[in-house]
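Before any comments, here is the structure.
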Amino acid sequence: MEKTLPPAGKLWLVGAGPGDPDLLTLRAARLLASADLVVHDGLVGAGVLALIPPHVTRISVAKQRSRHTMKQELINDLLVRETLAGKQVVRLKGGDPLIFGRGGEELDAARQAGVACEVVPGITAAAGCAAQAGLPLTHREDASAVSFVAGQCKDLSDQDWSGLAGHGRTLVIYMGIATATAIADKLIADGVSPDLPVAVIERGTTADARVLRTLLTDLGDLVAREAVKSPALIIVGKVAARADALDCLGAPGVAEKLGNFA
């Protein structure tokens, strides 16, 4: 008697982009239409989720600060189990799946389980949100290097950010709103000028996006004054002065200092 082979499943780690569904790649859109299961994060925009056909099963594994719908180990197990069952599984992540999305951990889990897995890149939040704000992350006059860091992590003061911000460099901070004051204090203590321009991009690429600009010394106060909420990016560097942004400077005379960087 011939043995019936199990159906061949595949796992796709797909970037959903920074929020605007028009920024989803064509390949990502095709995969959403043909998937058996979509496992998505909370940062995936409603417009992107609306592209998933009604017959496709969805599972939300949204994460919030200090509160997770499903722990990462259980997400890994879910992806492996459903793929081994023969399903076409799309793991849908905001931005790019391999930039602060734990996509690397899920890729490792798939490899260890012998699961076929492919990564579909997405427009990362830094690139998409900065572009919407007219903020060049690099500029021949201002910055020839860009660094991405996570601001929401344990023992922030112990992180080595030396050389990541300052002259000729742009620093993009993900998940840093809750620790904005500590971030500013850390950078200034490490020798970064308190007068360095900073832009905060809230809900970037969406219809209700806000772009706010100040100086590094005012960053924590800005976040509090303007009640900035996640998701939001903090961009530190001279290029921030070039953003199409609302100046929100808390101290008298600071606006004149910002003009010196333009």
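As the structure is a prediction and not an experimental result, all values here were calculated from the model.
Leu171 is not listed as a side-chain neighbour of Ile234, based on a closest heavy-atom distance of 4.5 Å or more. Residues Lys10 and Val89 have side chains not in contact (no heavy-atom distance under 4.5 Å, counting atoms from C-beta outward). Val146 places a side-chain heavy atom less than 4.5 Å from the side chain of Thr138. When side chains are defined from C-beta on, Thr179 does not count as touching Ile173, because their heavy atoms never get closer than 4.5 Å. Counting heavy atoms from C-beta outward, Leu32 and Val56 have side chains that stay 4.5 Å or more apart. A 4.5 Å side-chain heavy-atom check between Lys238 and Glu141 finds every atom pair outside the cut-off. Two residues are said to be in side-chain contact when any heavy atoms from C-beta on lie closer than 4.5 Å; Ile235 and Thr170 meet this criterion. With a 4.5 Å cut-off on side-chain heavy atoms, Leu212 and Val228 count as touching.
At least one donor-acceptor pair under 3.5 Å links the side chain of Ser34 to the backbone N or O of Arg30. A donor-acceptor contact shorter than 3.5 Å is absent between the side chain of Glu202 and the backbone of Arg210. The main-chain N or O of Ile177 is never found under 3.5 Å from a side-chain atom of Lys229 such that the two would form a donor-acceptor pair. For Arg242 (side chain) and Gly134 (main-chain N/O), no donor-acceptor pair under 3.5 Å exists by modelled atom type. Not a single donor-acceptor pair under 3.5 Å links the side chain of Arg203 to the backbone N or O of Gly19. In terms of modelled atom types and a separation under 3.5 Å, the side chain of Arg169 and the main chain of Gly163 share a donor-acceptor contact. Proximity of a side-chain donor or acceptor of Ser193 to a complementary backbone N or O of Asp195 within less than 3.5 Å is detected.
Clustering ILVMFWY residues whenever any of their side-chain heavy atoms sit less than 4.5 angstrom apart, transitively, puts Val90 in a cluster other than the one holding Leu74. Cluster membership check: Leu49 does not share its hydrophobic cluster with Ile75, using side-chain heavy-atom separations under 4.5 Å among Ile, Leu, Val, Met, Phe, Trp and Tyr. The hydrophobic cluster containing Leu31 does not contain Leu37, counting ILVMFWY residues as joined when their side-chain heavy atoms lie under 4.5 angstrom apart, directly or transitively. At a threshold of 4.5 Å between side-chain heavy atoms, the hydrophobic network of Ile, Leu, Val, Met, Phe, Trp and Tyr places Val44 and Ile59 in two separate groups. The same ILVMFWY cluster, assembled from side-chain heavy atoms under 4.5 Å apart, contains both Phe148 and Val239.
Shown here for Ala143 and Leu137, the closest heavy-atom pair between the two residues is CB-O, 3.9 Å. Residue Cys117 comes nearest to Ala110 through the heavy atom pair CB-CB, 3.9 Å, listed as atom of the first residue, atom of the second, then distance. The two residues Gly15 and Ala28 make their nearest non-hydrogen contact at O-CB, 4.2 Å. When all heavy atoms of Pro97 and Gly122 are compared, the closest pair comes out as CD-N, 4.0 Å. Closest non-hydrogen pair, Gly204 versus Ala209, comes out as CA-CB, 4.1 Å. In plain terms, the two heavy atoms of Leu135 and Ala243 that are nearest each other are CD1-CB, 3.7 Å.
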For Leu98 and Val119, run side chain to side chain contact (heavy atoms under 4.5 Å, CB included): C-alpha distance rounded to whole Å, both residues' side-chain angles, the deciding distance at 0.1 Å, then the answer.
CA-CA 8 Å; Leu98 299 185; Val119 179; 4.1 Å; yes
Side chain to side chain contact (heavy atoms under 4.5 Å, CB included), that's the test. Do Leu196 and Leu215 meet it? Break it down for me.
CA-CA 5 Å; Leu196 196 62; Leu215 301 180; over 6 Å; no
Before you tell me yes or no, could you show the steps for Thr57 and Val38 under side chain to side chain contact (heavy atoms under 4.5 Å, CB included), namely the whole-Å CA-CA distance, both residues' side-chain angles and the distance that decides it to 0.1 Å?
CA-CA 6 Å; Thr57 302; Val38 175; over 6 Å; no
Dump the intermediate steps for side chain to side chain contact (heavy atoms under 4.5 Å, CB included) on Val200 and Leu222, then the final yes or no.
CA-CA 9 Å; Val200 177; Leu222 164 70; 3.8 Å; yes
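For the residue pair Tyr174 / Thr124, a side-chain donor-acceptor distance below 3.5 Å is found, with atom types taken as modelled.
Separation of atoms CD (Glu82) and CG (Asp77) is listed at 11.5 Å; rounding is to 0.5 Å. Here the straight-line distance linking atom CG of Leu164 with atom OG of Ser147 works out to 4.5 Å at 0.5 Å rounding. Note that CG of Asp221 and SG of Cys248 are 12.0 Å apart. Values are rounded to the nearest 0.5 Å. Atom CH2 in Trp161 sits 6.0 Å away from atom CG in Leu187 (nearest 0.5 Å). Summarising the geometry, atom CG belonging to Leu11 is positioned 11.5 Å from atom CZ belonging to Arg111; distances are rounded to the nearest 0.5 Å. Between the OG1 atom of Thr206 and the CD atom of Gln132 there is a distance of 7.0 Å, given to the nearest 0.5 Å.
Residue pairs that meet the salt bridge (Lys or Arg N to Asp or Glu O under 4.0 Å) test with at least one member in residues 90-101, sequence neighbours left out, are Asp41-Arg91, Arg91-Glu106, Lys93-Glu106.
Each of Leu84, Leu78, Asn76 was checked for a side-chain contact (heavy atoms from CB on, under 4.5 Å) with Val80, and the lone residue meeting it is Leu84.
Clustering of Ile, Leu, Val, Met, Phe, Trp and Tyr by side-chain heavy atoms under 4.5 Å joins Ile123 with Leu23.
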